[in-house]
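These notes concern the structure reproduced below.
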Amino acid sequence: MSENNFKFLYQNVDKLKGIGPKKASYLKNLGINSVLDAFYIIPTKVIDRTQDINFKTLEKGQVITTILKVKKHRPPFNSRLPYVIECTKGNLIINLIYFSVRGNFLRTKYPDNKEFIVSGKISFYKSNISIAHPDYIEELENEDKLRSFENIYPLTRGISIKDIKRILNYGKDYIDDYPEWLSVELIEKSKFYSFYNSIIKLHFPETKEDIEYKEIFRKRLAADELISNYFAIRYLKEKTKKKEDNLNLHYFSQGEIVSQLPFKLTNMQINTINKINELNNSHYRETILLQGDVGSGKTIVSLLTAIPFINQGYQVAYMAPTEILASQIYENLQSLIKLDEIKSVLLTGSSKNKDEIYKKISDKDFNFIIGTHAIFQENLSFNQLKYVIIDEQHRFGVKQRLTLGEKGINTNILLMSATPIPRSLALAQYGEIEQVILNERPAFQKPIITKVSTSEKIKDLINYLKKSLSDKNQIYWICPLVEESESQIYKDVESRHKSLKKVFGPEVGLLHGKMKSNDKEKTISDFKSGFLKILVATTVIEVGIDNKNANTIIIENAEKFGLSQLHQLRGRVGRGSEQGYCFALYGSNITETSEKRLKVFKNTLDGFELAEKDLEIRGTGDILGYRQSGESLFKFVEVTRDQELIKECFEYVKKIMKSKSFEDKEFQKKIYLLLLFFKQQQAIKLLFS
Ligand code: ADP
Ligand code: MG
């Protein structure tokens with residue numbers, strides 16, 4: 001039974017023979033936790049071991065497979081030199097080379113005058129044609145087995161192609177030929193093969209055709225992925241569509257609070273609030289995406305739209321991606337929104353007396369809950385939760401959003417994205433969603449000045465900073481790494497913190513994700529209060545930290561970051577009345593693409609425009625901010641290449657929902673397998689509960 005086989009596909013790879021816990025921990029870097037995850041990885045290229053070889057035009061790096069005759073063994077005189085097996089091919093000499101060989105096993109294994117079939121990469125050692133550490137040496141009768149195509153996958157430290165293959169080979173037996181869930185039109189239009197053929201041939205190509213069709217296989221799987229995603233989202237929407245009544249929200253105190261704010265809302269903000277009010281008061285359960293560039297003042301907009309819910313006796317939850325950000329929002333709420341009816345609480349992973357907080361939430365002693373994803377723990381039950389605000393939504397996956405929907409079936413959701421999402425991507429990710437755009441930035445009185453230069457200029461920069469540092473100019477200093485690394489390609493905050501302390505003294509603080517949350521909070525409050533003048537940090541500050549006196553940001557190894565991320569970082573400064581500056585420094589290993597990207601960054605201050613350009617330069621890019629987790633939004637979909645497909649799949653799912661064919665048992669069975677394959681557990685729970 002197909003369904004039972006998923007048990008094996010969902011299995012953690014550390015249990016597999018030949019993998020074990022250590023390799024499993026490395027495999028996480030590739031996004032592989034379970035057996036199934038390996039199937040989500042698209043092979044980067046394929047080695048063709050079937051080719052006939054022209055020995056006159058051999059090139060370095062070329063992979064060849066050929067029959068060689070062993071002529072003689074030349075063990076090295078000293079251990080630093082390689083062991084050479086001299087072989088012949090006609091009257092050509094080809095050497096097999098081994099470094100750090102111990103003992104005599106090569107001589108016994110490959111005796112003189114015997115022929116073998118050898119496959120490996122060509123190099124030239126002392127101007128002889130050589131193959132260093134061949135991929136395979138096989139007896140001649142195994143030639144058929146060897147003369148084949150072989151996929152190459154992206155790798156990481158401690159993991160070889162063989163490990164990936166081991167996992168794929170294991171999983172292969174548990175993938176079945178499922179009944180077709182795509183429409184005939186979709187299949188015919190793109191000339192798709194079955195799901196089974198596509199996934200198996202993508203990973204186990206056997207013929208030239210299999211190689212040529214790789215893109216069609218990928219695209220078919222992209223369609224499957226899109227459909228599973230849309231279906232999960234749409235189904236949730238369907239299930240939760242109709243409210244009993246409209247919520248009867250009113251806006252008296254919202255208006256009153258606006259008039260008491262320490263600043264005047266921009267017209268853009270007011271319009272946005274009105275639009276969101278209207279959606280919130282409709283007869284449907286709404287998911288609203290509020291897109292606004294860094295500094296467009298989304299926080300206050302979202303908090304204000306929550307007021308009518310509180311007035312009406314409902315609960316509101318606000319979810320932020322980090323504890324730092326959650327507590328900042330909590331402070332914002334307390335200082336900006338003066339309303340007696342609000343009983344707010346901050347709930348994060350490190351909150352103490354959680355049980356008490358949980359109880360008070362379910363008793364409605366708290367009605368405004370601000371926190372990290374800790375607020376969606378299984379054993380926390382809300383009491384008339386009607387509005388959920390999710391800040392920096394790109395940090396949360398579809399899964400988390402679905403869990404959330406379950407918590408309060410009639411809950412309106414306001415997603416806020418500071419990393420503007422191009423339209424095509426928004427459609428790809430959410431399917432149908434109400435979009436509200438806030439496109440003006442009150443937080444920036446003056447456009448930030450951006451300078452890009454090599455890290456060799458760092459001394460000059462420090463001299464300049466010495467002069468410019470003052471109460472009105474605090475500094476963020478960003479490095480990509482936390483600790484010093486072996487390779488030393490990228491700078492780390494710890495050693496930068498040390499070296500800046502030597503120059504600037506005790507006013508230099510340190511902030512990174514590995515610190516305890518108490519220490520983090522203390523550092524941030526010391527920075528906000530002005531006690532610390534320079535904050536050396538990793539990208540933990542990227543999301544939403546607000547300090548009006550910070551006007552300069554230095555980003556080391558700027559080449560390592562995506563455009564949108566750089567824009568986020570830059571958005572930390574220049575939020576007050578002073579001029580903001582951003583210095584992006586790049587290392588000596590910068591690639592051409594990165595150079596291009598930094599140029600665009602320097603010249604473009606608009607986040608939406610940057611997001612579009614990021615998409616252009618890097619394909620799917622890291623626009624949605626999944627880079628650290630190694631988890632990407634899609635496995636098979638290439639957003640730029642698949643625009644047409646995205647629309648078609650979207651239409652297909654819409655049709656299914658409209659015709660109610662999802663209520664048909666046969667169809668459900670099929671979709672169930674599709675959802676299992678793409679791990680849409682939450683949707684499954686809803687659909688089959
Ligand atoms: P983002 O959209 O990036 O989340 P924030 O909500 O953090 O932006 O707002 C950035 C800063 O601008 C905050 O300090 C906020 O108090 C301030 N702000 C918001 N709206 C206005 C406004 N209309 N006038 C002046 N400052 C504002
Ligand atoms: Mg924000």
Side-chain angles (χ1 to χ4, degrees), residues 243 246-262 273 276-277 280-281 285 288 290 298-391 403-416 517-518 521 525 544 546:
K243 278 181 199 156
N246 95 13
L247 294 171
N248 255 322
L249 301 175
H250 63 83
Y251 307 102
F252 313 128
S253 50
Q254 190 183 59
E256 204 163 299
I257 290 164
V258 169
S259 66
Q260 291 165 6
L261 287 175
I273 292 169
I276 297 174
N277 278 344
N280 277 336
N281 217 7
R285 178 197 156 278
I288 307 161
L290 171 57
K298 293 184 291 295
T299 313
I300 188 68
V301 167
S302 68
L303 293 177
L304 286 168
T305 58
I307 304 303
F309 289 89
I310 300 286
N311 285 149
Q312 204 69 320
Y314 299 129
Q315 272 181 337
V316 174
Y318 192 122
M319 182 155 83
T322 63
E323 296 198 2
I324 297 173
L325 208 56
S327 51
Q328 190 175 287
I329 303 294
Y330 184 66
E331 284 162 26
N332 261 310
L333 178 71
Q334 296 194 315
S335 64
L336 295 174
I337 314 281
K338 304 268 191 285
L339 184 68
D340 293 341
E341 290 163 87
I342 294 184
K343 285 162 283 177
S344 58
V345 61
L346 180 64
L347 176 59
T348 66
S350 56
S351 297
K352 302 200 176 67
N353 50 28
K354 282 210 184 70
D355 290 340
E356 196 190 322
I357 297 179
Y358 286 3
K359 179 158 189 314
K360 284 189 157 177
I361 291 173
S362 62
D363 291 348
K364 235 201 239 175
D365 288 340
F366 288 128
N367 58 7
F368 206 128
I369 299 98
I370 295 181
T372 52
H373 52 266
I375 63 180
F376 289 102
Q377 296 307 312
E378 295 266 337
N379 48 2
L380 166 58
S381 56
F382 289 90
N383 187 338
Q384 285 203 295
L385 177 70
K386 294 281 180 189
Y387 194 40
V388 175
I389 301 165
I390 306 182
D391 202 354
T403 319
L404 220 150
E406 274 183 296
K407 284 270 176 189
I409 217 86
N410 270 323
T411 308
N412 282 3
I413 300 176
L414 180 69
L415 302 166
M416 293 199 284
S517 63
N518 281 347
E521 265 161 45
S525 82
D546 193 32

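For the numbers below, each heavy atom of this structure counts, side chains included, while hydrogens, waters and symmetry mates do not.
Rounded to the nearest 0.5 Å, atoms CD1 (I329) and CE (M319) are 13.0 Å apart. Here the CZ-OG distance, from F366 to S344, works out to 8.0 Å after rounding to the nearest 0.5 Å. Distance CD1/I370 to CD/Q328: 11.0 Å, rounded to 0.5 Å. Here CG of N280 is found 4.5 Å from CG of N412. Values are rounded to the nearest 0.5 Å. Atoms CG and CD1, on D365 and I357 in that order, are 12.0 Å from each other to the nearest 0.5 Å. Distance check: L303 CG to L261 CG gives 10.0 Å after rounding to the nearest 0.5 Å.
With sequence neighbours excluded, the residues satisfying ring-ring contact (aromatic ring centres under 6.0 Å, His included) with F309 are Y387. Remark: E256 pairs with no residue by the side chain to side chain donor-acceptor pair (under 3.5 Å) rule, at least two apart or across chains. Applying the side chain to side chain donor-acceptor pair (under 3.5 Å) test to N311 and every residue at least two apart in sequence or in another chain returns S253, E341. By the side chain to side chain donor-acceptor pair (under 3.5 Å) test, E323 pairs with S350, S517, sequence neighbours left out.
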(request) Show your reasoning for whether side-chain contact (heavy atoms from CB on, under 4.5 Å) applies to L347 and L380. (result) CA-CA 11 Å; L347 176 59; L380 166 58; 3.9 Å; yes
(request) Could you go through the side-chain contact (heavy atoms from CB on, under 4.5 Å) check for L339 and F368 one step at a time? (result) CA-CA 12 Å; L339 184 68; F368 206 128; over 6 Å; no
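Pairing each heavy atom of T348 with each of G371, the nearest pair is CG2-CA, 4.5 Å. Heavy-atom minimum distance, A320 versus D391: CA-CB, 4.4 Å. For the residue pair Q334 and K338, the shortest heavy atom distance occurs at O-NZ, 3.6 Å.
Judged by distance alone, with hydrogens and angles left aside, the side-chain atoms of Q312 form a donor-acceptor pair with the main-chain N or O of N248 at under 3.5 Å. Listed for the N367 side chain is no donor-acceptor partner under 3.5 Å among the backbone atoms of I310. The backbone N or O of I361 sits less than 3.5 Å from a side-chain atom of Q315, completing a donor-acceptor pair.
Side-chain contact check for I273 versus Q254: some heavy-atom pair is nearer than 4.5 Å. A 4.5 Å side-chain heavy-atom check between P262 and L336 finds at least one atom pair inside the cut-off. Residues L249 and N277 have side chains not in contact (no heavy-atom distance under 4.5 Å, counting atoms from C-beta outward). Residues I389 and M416 have side chains in contact (heavy-atom distance under 4.5 Å, counting atoms from C-beta outward). In this structure, T305 and L290 have side chains that are not in contact, with every pair of non-hydrogen atoms separated by 4.5 Å or more. The shortest side-chain heavy-atom distance between T322 and T372 does not fall under the 4.5 Å cut-off. Looking at heavy atoms from C-beta onward, I300 lies in side-chain contact with I337 at the 4.5 angstrom threshold.
Within the structure, the ring-ring contact (aromatic ring centres under 6.0 Å, His included) test picks out no pair touching residues 310-337 (sequence neighbours left out). Legend: salt bridge (Lys or Arg N to Asp or Glu O under 4.0 Å) pairs involving residues 354-364, not counting sequence neighbours, sorted by first then second residue: K359-D363.
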